[in-house]
Amino acid sequence: MTFFAKFCIPFIIGTVFLFAVVLIKYLTWLRDLPKSDLKLIIRGIPTPRTLAAVWEVVCESLLHRRIFRVNPMLGYMHMSLAFGWFLLIAVGWIETVAYLGLRWVPLQGHVFFKYFVPLNGITEHKPLFDFAMDALLLFVLSGVGLAWFKRMRSRALGMKRTTKHILFDRIALSALWCIFPVRLLAESITAAIYGGGSFLTGGIGSGLASIMSVNTLTLLYEPIWWLYSIALGTFFVAMPFSRYMHIFTEIPLIFLRHYRLKPEDKEKSYDNFEVEACSRCGICIDPCQLQLQLGINDVQSVYFLRDRRYNMLQQKIANNCLMCGRCEQTCPVGINLNTLRLNSRTSMRNIPNEGRYNYLRGLDRSQGEGQVGYFAGCMTLLTPNTMTSMQRIFEAAHEKVWWADKEGGVCCGRPLRLTGETDSAQKMVDYNKALFAKHNITTLVTSCPICLRVLRDEYNLEGIEVLHHSEYILRLMRQGRLRVRYSSELSFTYHDPCELGRGSGIYDEPRAVIEAIGQLLEPEHNRKNAFCCGSSVANTAINDAQQLTIAQHVAAELDSTGAETVVTACPQCKKAIVRGSKRQVMDLSEIVAQNLR
Amino acid sequence: MKHVIIIGGGIAGMQCACTLAEKGIATTIIEKDSDLGGKIRSWHVLFPTFTPADQVLSAVRHRLAKAESVTIKTGCEAVKITPKCVTLSTGEELTCDAVVIATGFTLFDARLKEEYGYGIYDNVVTSVDLEQMFNKGEVRLTSGLTPRRIAILHCVGSRDEKVCQRHCSKVCCVTGVKQAIELKKMFPAADVFNFYMDIRMFGPGYEEMYREAQLMHNVHFVRGRISEVSPTIDGRLQIKAEDTLTGRPLKMGIDMLVLLIGMRSNDMNPTLEAESGLKCQPSGFMQPKDSFLGNVESPIEGIFYAGAVTAPKNIGESINEGTAAALAAAEWINK
Amino acid sequence: MINFGFSISKPRTIDIDRNNLHKSNEIMHEMPELQTCIGCGTCTATCTAGNLTEFNFRKVHTLVRRGEYQGAYVEMNKCMLCGKCRLLCPRGINTRGVVMLIKRKLGDF
Amino acid sequence: MKRSSWTDYQKDIADDNYYYARSCIRQNFFPGSEKVFLDILSKDLGRNIFDDPLHTSCTGIGYHSDVVPLETIMTVVARQFALMSEAGYENFTSSCITSFGIYTELLNTWEEFPETEERTRENLYKATGREFKIPKNLSHTSDVIFHHREEIARKAVRKLVNVHTGEPLRVVEHIGCHYAKIFPKKGVGGSEFPYVLAGMVESWGGEIVDYPERRHCCGFGFRNYLVQANRGYSVANSHKKLESMAPFKPDFIVCNCPGCTMFLDKWQYTIAEMEGTTYGQNGQGIPVLSYEEMAGLVLGYDPWVLGMQMHQVDVEPLLDKLGVEYDPSAKYLGRNGKYIGRPERAIVNSCSEDTLYKIRR
């Protein structure tokens, strides 16, 4: 048996093309990796990380565990397509082996096995295989059905919005949707003519045989297999240029991640794996507040990654993101969406001149002396209640404090980093680091989570512990240096600042402080799902009215807890929520200072 | 039947007559023009709602037409006024029980600000000229072309020691913004620059209109007073000002200059002071009895004020004062 | 050319007719709210960079709107983008966006 | 132009019997002008004018450069008035705009603050033993010519008309800041639409150009010019005016202030040498005339008698337009036929070779 028929040509071309393109892409990306990344890979291969990666590939690429967690229905859809198709291929291969023994069979022999070996009773396992294959086909078809249904009625699947796709995606998608129904038809017609098939193909086959003459069926026989081959070929050709590239790309990505590769401030070759691993499932659209509260629906991560991948990213898309991290939290592929957006901004920034911050040289307007330094941050200077409260707290704890920027300091650099000007931000980092070193502090407290992020992640302050004031206050309380009154009369609700919660993982400390003072009522969206206040410095695209709309939504949810005071731990959030809330809005430090014992 | 003479048939005087008539008091309106209505007749639409001025005037006219015992004497002026008698320019003497002075204001003559070239250069117009152009439905340069760049200058004849007008005319800023919007609606491709010393948006909806002019109509506001206007070789006008917010002199060629002329005290006021014993303020506007408790009363019992005779006022305020003066006069008569 | 020991002073006048307003119009088109600036100066008062240098955000963007681009890019680069001004602007202007927009538009000026 | 506002700013100008005060700048740079003024008044118009050799500089340049104190200049001015009284005159006329401005300013000061006049009388008496009377009439010499403009027009041998085209000549007038900007009511036509020169030009058949920078200062500015480092600022003002008037293609500039005449003339040379820019037609400068020279040309005086060879910008193209006959080779010959030297070639002048004459030495 030659296992060749003319109709196989589209399939063969598609397959060869697909593997060639994928291979070229991966090899180019790997070749372009920076040396440090290559070292990580080489060191990582002979370690248990490889095994962990294999396990993750099974869990994620085949079973789609993470999507299951976010949305079981979507999880099933993805799993049925991925895992079902994989099993079809695997079982099909076993069937071939069972029939022909272990010998080389060209790929099309496996794929079009039913065409080449249609006759019943060849092996004793035939009905068993037929049943398994039919069951698997049904499994996959159920996924396709769900996908169709999702296109039409996304809400039924728990998604308010689905991705708007580009033309290439639509071609690939149409081909993909055709593949399995056509296969069903092809196998059914084959079964109608030659018999065989199990409950599905056999059933439909006998149905067809009863309504059509053998001549008609024979006439349809070749074309339908052609159609199946063409659908597969088309899909394979479109695949590396469409979102379906994620099917393969997620696999190397999982390995590279296990070898500790990650995106950085500047774009690099590794980013390609992350960008092309995006399946454009659109799960990131729903949590996005720009969509949810402002109705902006063309800037979300899925569109950002798509535009970046096809080199058509526009500044207004790249800049229009709060970088709140809500999408990153739900991304089933775990793409570092914020970092990728940041390094895109870096690539798109205009190149400022080197001397732009020369004026920072030699400035020092700090005051006081102490082991503990307090870095208010620019925004805190506009919420002086936080400053005075911190002063009372320091005094109550008998802490000697060095005030870094009471009279105005130099920005921490985080806002500049968020706009992509990472090199320039380094000038501020260097300046502030030198300032901290000069004053010999061992602990640095800041009440601004925006500063906290950069102080922790970028400053590399050796010998200086960086604390957010919520952590610091809780520590003082636990050490018994700060005592507060508790009153069950007082009720608070707490707004998680993005940079503090999702950004720095600090959820419990502020809550512990609040609960030591009064009752804490949680809003509907809290902790990892907390809303952004809308005033994020990462977004330079939305206008004031839009910021206000978001703030009003967030404030309304906080107000609806019934708490008399809205507490947050970020000056920016406070300023934003105040605009929308009918309750009193306070910084964490304020309620502590007010309730000192 | 009691009888009140109202001097001035502008919007305040008309409103006053309506209110008095509805209270059963006979009135005589003395109007120097041939028709009632006063200045509002020349206005196109009113700020900040863009209500046609004609609509407001018609409503008052309509009410007046229905009122009983209203006598209207047009084409004559009051020469001497006492609470019981008004002498007209015709020599006629009318007796009455009270007098309401609603003589309004005089428009500043832009020719006095010679450096702006009104009456000297083509296409230098006043805000009043522009209102009339709007009323005709056509704003054109003398060449017949449409303007591509228009400058609107605030405070012409207001807050200016050089022309002895120290007071703020109050309505010009709002008018300037309103006219800028109207011009932009008419010529969306034209650039409109408002040159101002201060922007005084004192009333409801005014500030919002100002913001709308900036945001929706891209009207440029330059804080600085134009110092002089000169003709250019291509028949346009060149203006000079300081862009005070950048501290730099600024010049540009424009096609049309609109001068927002102020409200001057009525030319008749000194006569009132001399002949009738009433008092003028330093600004020339009549001095009411009290700025808080007697806004529509003169120091002489039985003589009342309504509208812009005492200070620059907008249409709404003038109408209100018409009512207030009528009520005060009625109360005094029936005392 | 003779050296007389002095040079002809350049006029300080902003000549709207000579200035190329193309970039300025582009900026206004992308950020119409910039036109709503009433020159209150809060932005400059609170400005972190403005308290350390002569950087004056209000003045620079006003000059840019008049077509005076010289030096605007260098000045805007002194901004640290800290965002205090945006929190204070009474007209709600997206000041950080303005800084970035002007830099982007005038970067090659 | 629809303007008539100059009529609001009228002043009394004496008709006869003038006491003449010369100008420092004019008698040094345009000596012909002052001579011609005296000739026109006494010979053409038959008026009595006294050119007193005893009078001095008013010290206005020193005053405006902050080196002569107010009391000093008051005393100097008082001395001029005393000389006038002693000579039996009541009508004072000064050749210099700055002097005119100073006389006007001091007369007003004395009026507003009589004690300053008293002190001045005292100072003058102590210093010189003289006493003075306030002049009955104070005019600038341009006022005097303006006053007689119609009479001059009647006696004119030519009009300010291009003889080749028959078109009126386009004239830029510049009256000088100190003429009417300080006391607008003391100048004919006020400061916005000054009429003193415009009136002459219109009476004599020319056409006035109204250009955007018409009222701008020539840039002299005393201390601004006198300090070399500040001259860039000074020249920038003339530069601005010239840039503004050039598109109107004026045939000449006429000034009544000696300083302005000098600067508008000589800065053209400076600008041309520094930047290579010229503002006249055919790549030359724009001729700059004093009003005396303009009156002299109208009355048929020889341009070299008028002293026009002293100009930085060559006047020959203008003379050609006016149809004035002149002897090119006599240009640099003084009163008694003696060669007075000639300037080096310059961009504003070297329009073509044929304007370089063979000089009869």
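Nothing here was measured: the structure is a model prediction, and the numbers come from that model. In the text below, chain A, chain B and the rest are named by the order of the sequence lines, each starting its count at 1. Note: hydrogens, waters and symmetry copies are ignored here, and every other heavy atom, side chains too, is used.
Distance alone, capped at 3.5 Å, is enough to place a donor-acceptor pair between the D/Gln228 side chain and the C/Phe4 backbone. Between the side chain of C/Ser9 and the main chain of D/Gly232, a donor-acceptor pair closer than 3.5 Å is present.
Nearest approach of D/Met274 to C/Ile2, heavy atoms of both residues: CG-O, 4.1 Å.
To the nearest 0.5 Å, atom OH of residue D/Tyr225 and atom CZ of residue C/Phe6 are 7.5 Å apart.
Around atom CE of D/Met310, no more than 12 heavy atoms belonging to other residues, nucleotides or ligands sit under 6.0 Å away. More than 12 heavy-atom neighbours from other residues, nucleotides or ligands sit within 6.0 angstrom of NZ on D/Lys240. Counting non-hydrogen atoms of other residues, nucleotides and ligands closer than 6.0 Å to CZ of D/Phe183 gives a total above 12.
Proximity to chain C involves both the backbone and the side chain of D/Thr270, based on heavy atoms less than 4.5 angstrom apart.
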